[in-house]
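For reference, the structure discussed in these notes is given below.
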Amino acid sequence: MTGPYRLSASAPARFGQAIDRSEPVGFRLDGRVLSGFYGDTLASALAASGVRTLSDSPLLGRPRGLFGLGLEDASLFALEGDRGSFAHVSGHEIILREGLRTRSAGLGLARAIRRFAPPSGPDRRALPVAQQMLERLRRSIPLPQPRLPDAEPATLARRETCDVVVVGAGLAGLAAATALMMEGLHVRVIEASWRAGGLCDLYEGAIDGRPMADWAAARIGQLRDRGALALGSVVTDIDPDGSVTVLERSSPQQPGMMTLRLYTAAAVVLATGFRERPLVFPGNDRPGVILASTARAMLRRHAIAPGARVVVATTCDEGHRAAADLRAAGVDVVMTLDERDDPQGAAVDLSKALGAPLAYASVVTGVDYDEKTGAITGVGARNRDGEGALTGARVLSAHAVVVSGGFAPRDELIRAKRLGPELGVHLANLGPNAVDAVRGGWAAAGAVAGQLGRSTSVPAPTVDAVEDEMGAAAAFDRVLAMGPGAASAFVDFGADVTIADIERAVRRRGDAPAAIARRLGLGLGADGGRQSADVAELALRALSGSTGGGPSAPRMTLGLFAARAGLRND
Amino acid sequence: MSSVLGRPGRPDRTFAPRGDIAARYDLVVAGGGVRALSIALACADQGARVALFAPGEIAAAADERAWPAVRAAHRDRLRIAAEAKAVQRLAKLARKLPSAAGGEATGCLTIADSFDEVDRLSSLLPAMKASGVEAWMVPAREVAALSPPIADTADLMAALYEPSAVTVDADALAMALAEAAAAAGASLFAMEPVETIERDATRATGLRLRDRTVEADAIVLADDFAAIRLIREGKGRLSLTREERVTLVTAANAPAIGPALSSGALRISRDREGAITLSGPLGADALARRALELAPKLAGLAVAAEEPVTVWTGVDGLPQVGPAEIEGVWLALGYGRGALSLAIPAADHLGALIAGRRGDPTLEPFAPTRRPVARTPERVR
């Protein structure tokens with residue numbers, strides 16, 4: 001089989017921890033009847049059913065598959081009967097239950113038109129020809145106007161007060177919340193996903209002698225008992241005056257029903273963690289290309305493998321860890337391409353000890369994609385910077401590419417406004433590994449306690465885990481030197497912006513990063529630029545030397561702004 | 001192909017590198033928006049050696065993007081006279097620019113928010129007719145028909161409708177003006193803030209940039225923020241009022257709002273992609289609330305960008321366009337909320353004045369050396 005598939009029941013027990021194979025669950029997607037297991041998410045059940053393409057990209061209509069998790073996912077689905085701007089959620093956030101009816105975030109007529117005539121103007125945001133004709137026609141002939149959306153019912157909005165708001169319930173957030181509760185402070189933990197604990201269940205390690213997942217579950221239970229944990233809630237705004245705007249969902253069955261809560265907190269701890277960066281090569285948006293953390297999450301939680309034959313391309317240790325997991329699950333890892341010259345790390349040492357095929361200083365140059373079957377058939381690889389015969393260019397036959405380009409912190413909430421500890425916003429994102437997470441969370445809690453006048457004397461928990469590095473992104477001049485087709489690599493998946501678009505915009509507009517980001521629509525896709533982490537920003541910096549265009553925080557609607565205005569006035 | 005379509009070709013290089021800054025120019029423009037670029041183009045077309053120094057990017061400025069409508073039916077009598085031919089001039093200029101930058105003729109609706117406002121707008125109609133502006137008052141029902149999203153507003157009043165007003169793509173217009181100016185021989189430098197104005201006993205002789213001095217016969221200040229600092233440092237007098245506003249830009253494919261809307265201090269426009277731009281005086285929350293009072297059906301639109309904007313107006317509500325008190329310095333400041341409408345007429349006027357010809361008489365009242373009149377306060381809801 002050439003697509004993602006479910007591992008057989010004889011796979012090692014650590015794969016498929018969240019599912020129960022004895023309980024099948026049936027559900028509908030756009031009318032099709034599909035089935036999965038109890039504990040599956042919509043995305044994992046679709047992958048198990050062999051559905052490779054989850055959505056089409058908004059501007060160019062390219063098929064997209066499993067790539068990122070949670071808020072970083074641009075393939076959105078909605079539950080039948082749920083309306084509103086927030087009804088579209090990632091497939092990983094919809095937990096299956098019997099008889100669930102879902103639909104994919106629709107392709108309207110405008111998008112259908114766009115697919116047939118992709119824009120070709122000098123700036124990306126020029127309309128395609130077909131749509132221009134439609135607009136002109138609409139102005140000259142009184143066509144009936146499309147029906148306006150019904151006025152939404154006013155959102156419930158409430159003010160809340162607490163001592164500290166902790167954004168994110170990963171290891172760092174749980175550590176910070178635990179430390180703060182031990183000081184006796186009133187804490188509220190806000191987590192965007194319906195599953196707390198972040199990625200801690202994917203890593204080996206121990207905290208205070210217990211496995212990380214157990215420690216995290218104990219902390220989550222403690223928070224839940226006190227009613228301090230808000231799941232499925234998104235922080236959209238942090239103000240310098242200390243108010244945090246949170247959009248809270250009451251139930252996973254109705255993701256469209258949002259309540260606006262305006263928290264007035266004395267301090268905010270940002271424990272949002274890190275997001276994995278994709279690699280940049282032509283065809284890096286095809287279904288079959290998947291991030292290493294997503295691949296491991298699907299493997300460990302739902303026993304889904306991305307393909308029967310897989311190539312792993314990485315610039316950090318995470319890819320090697322994914323290769324080890326895939327090998328243990330019985331997937332044929334054809335080759336692991338590491339861009340570094342001499343990688344060091346626990347997972348790399350394990351791969352070396354097992355004698356797995358490793359290639360150093362190698363990069364992916366492209367992907368052979370078969371339009372008809374919608375599957376990857378081959379992956380091009382090459383030496384990182386060689387010329388001519390020394391490049392060792394070859395095509396590996398594989399069905400999936402697992403990529404990992406390092407980690408970038410999720411700091412878009414504070415970057416635009418430059419919030420810092422002097423305004424009461426403390427960052428707990430020290431590093432993308434358990435040791436740094438717990439240490440950072442504990443340190444941030446200590447800083448908050450100091451700010452609020454309490455002395456901390458609680459010792460931090462001992463964490464026994466591997467300390468991963470952040471991993472550097474691939475250098476863009478190397479990417480561009482790869483050949484003429486290299487510029488068709490995507491740097492912003494949600495907005496369909498390629499390196500060629502940025503090059504053209506920089507050539508035309510010169511040194512104007514904000515204007516270029518506006519024209520290309522960087523960060524204006526369904527994922528807000530989050531799926532590609534900070535790749536777009538790095539590309540802009542490499543091509544024009546100026547900074548701008550990073551991922552953006554989740555969006556509010558006009559109705560929510562107005563509701564918040566009502567709160568602030570009262 | 002471009003010659004077949006009648007457009008001039010694009011220049012090889014629009015923006016010049018820093019190393020190319022010469023020691024002397026005929027005219028130097030300080031500013032980076034559509035206003036500054038149109039002045040640079042107008043003067044470069046007359047054959048002068050022009051340099052433009054933008055403190056930031058060379059792109060449409062924030063207050064130009066906040067409401068990118070070019071219209072003539074203004075609330076102020078003097079500006080009606082000055083902007084009467086703005087739309088036609090923009091169309092004529094757009095035909096000569098290297099890339100497409102014209103706007104769509106969406107029209108413009110100035111919705112009154114009280115009966116006094118209705119009377120005031122109606123009293124301006126004779127002045128508009130005299131200047132040749134095609135605009136008339138429309139009753140509330142027709143306002144609802146022209147702009148479907150505001151059909152549900154409870155107490156909608158009459159409005160002033162100008163069907164030939166145009167919504168432009170401000171960034172595209174800035175780019176096209178920059179390319180035309182570069183093709184005409186102007187040198188455009190981005191990220192070059194001006195430190196001071198160099199003066200001798202009688203007049204201004206040039207500008208001092210970060211690391212060098214540029215001499216010029218004429219200096220045009222088209223950036224309000226920098227101009228206040230530069231003139232006051234030179235012990236001159238310059239009074240501009242500032243208004244802090246917020247711009248909210250929604251995601252694309254929002255419903256059509258019909259003409260560009262203006263109601264009190266609120267401004268709403270929609271670009272060709274379908275993203276609605278809202279601009280208003282108080283914070284983002286109050287702006288959204290005011291916009292939803294006007295158009296409740298827009299409540300579900302997601303906001304993609306939020307940007308603070310500073311809008312400058314002269315002390316008496318009029319712009320300051322013309323020669324300053326310091327000889328050799330010309331001002332193009334205080335355009336107010338509708339910055340794009342006045343950009344091209346003011347650019348032509350300044351170009352004529354600097355060349356020594358007689359400018360546009362309708363812009364005489366905006367000369368900076370006038371005596372300021374008491375300003376009528378505006379109520380902000």
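Letters A, B, ... mirror the listed sequences (proteins, then strands); counts begin at 1. Excluded from the calculations below are hydrogen atoms, water molecules and symmetry mates; all remaining heavy atoms, backbone and side chain alike, are included. Keep in mind the model is a prediction, meaning the values are calculated, not measured.
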* Among S90(A), S55(A), S104(A), which one satisfies side-chain hydrogen bond (donor to acceptor under 3.5 Å, both in side chains) with S75(A)? -> S55(A)
* Considering only heavy atoms, which portion of A178(B) lies under 4.5 Å from any heavy atom of chain A: side chain, backbone, both, or neither? -> neither
* To do: Determine yes or no for a side-chain-to-main-chain donor-acceptor pair under 3.5 angstrom, with D82(A) supplying the side chain and G256(A) the backbone.
  => yes
* **Heavy-atom proximity to chain A below 4.5 Å, by part of A304(B)** => both
* Asked: Between atom CD of E248(A) and atom OG1 of T259(A), what is the distance when rounded to the nearest 0.5 Å?
  -> 6.5 Å
* Given that the side chain runs from C-beta out, which part of L287(B) has a heavy atom under 4.5 Å from chain A: side chain, backbone, both or neither? -> neither
* Please state whether the side chain, the backbone, both or neither of L298(B) comes within less than 4.5 Å of a heavy atom of chain A. => both
* Asked: Where on L188(B) is there a heavy atom nearer than 4.5 Å to chain A: the side chain, the backbone, both, or neither?
  -> neither
* **Structural part of R13(B) lying under 4.5 Å from a heavy atom of chain A** => neither
* Structure fact -> So the salt bridge (Lys or Arg N to Asp or Glu O under 4.0 Å) pairs with at least one residue in residues 539-560 of chain A (sequence neighbours excluded) are E537(A)-R541(A)
* Against chain A, work out which of L292(B), I58(B), L278(B), D171(B) has the most heavy-atom pairs shorter than 4.5 Å and name it. => D171(B)
* Do any pairs count as a ring pair (Phe, Tyr, Trp, His ring centres under 6.0 Å) and have a residue in residues 169-192 of chain B, sequence neighbours left out, and if so which ones? -> F53(B)-F189(B)
* To do: Check each atom of A514(A) against the heavy atoms of chain B and say whether the ones under 4.5 Å are side chain, backbone, both or neither.
  => both
* Among A59(B), G32(B), A302(B), which has the most heavy-atom pairs under 4.5 Å with chain A? -> A302(B)
* Structure fact -> Interatomic distance, CE@M191(B) vs CD@E57(B), rounded to 0.5 Å, equals 5.0 Å
* **S279(B) side chain to T247(B) backbone, donor-acceptor under 3.5 Å** => no
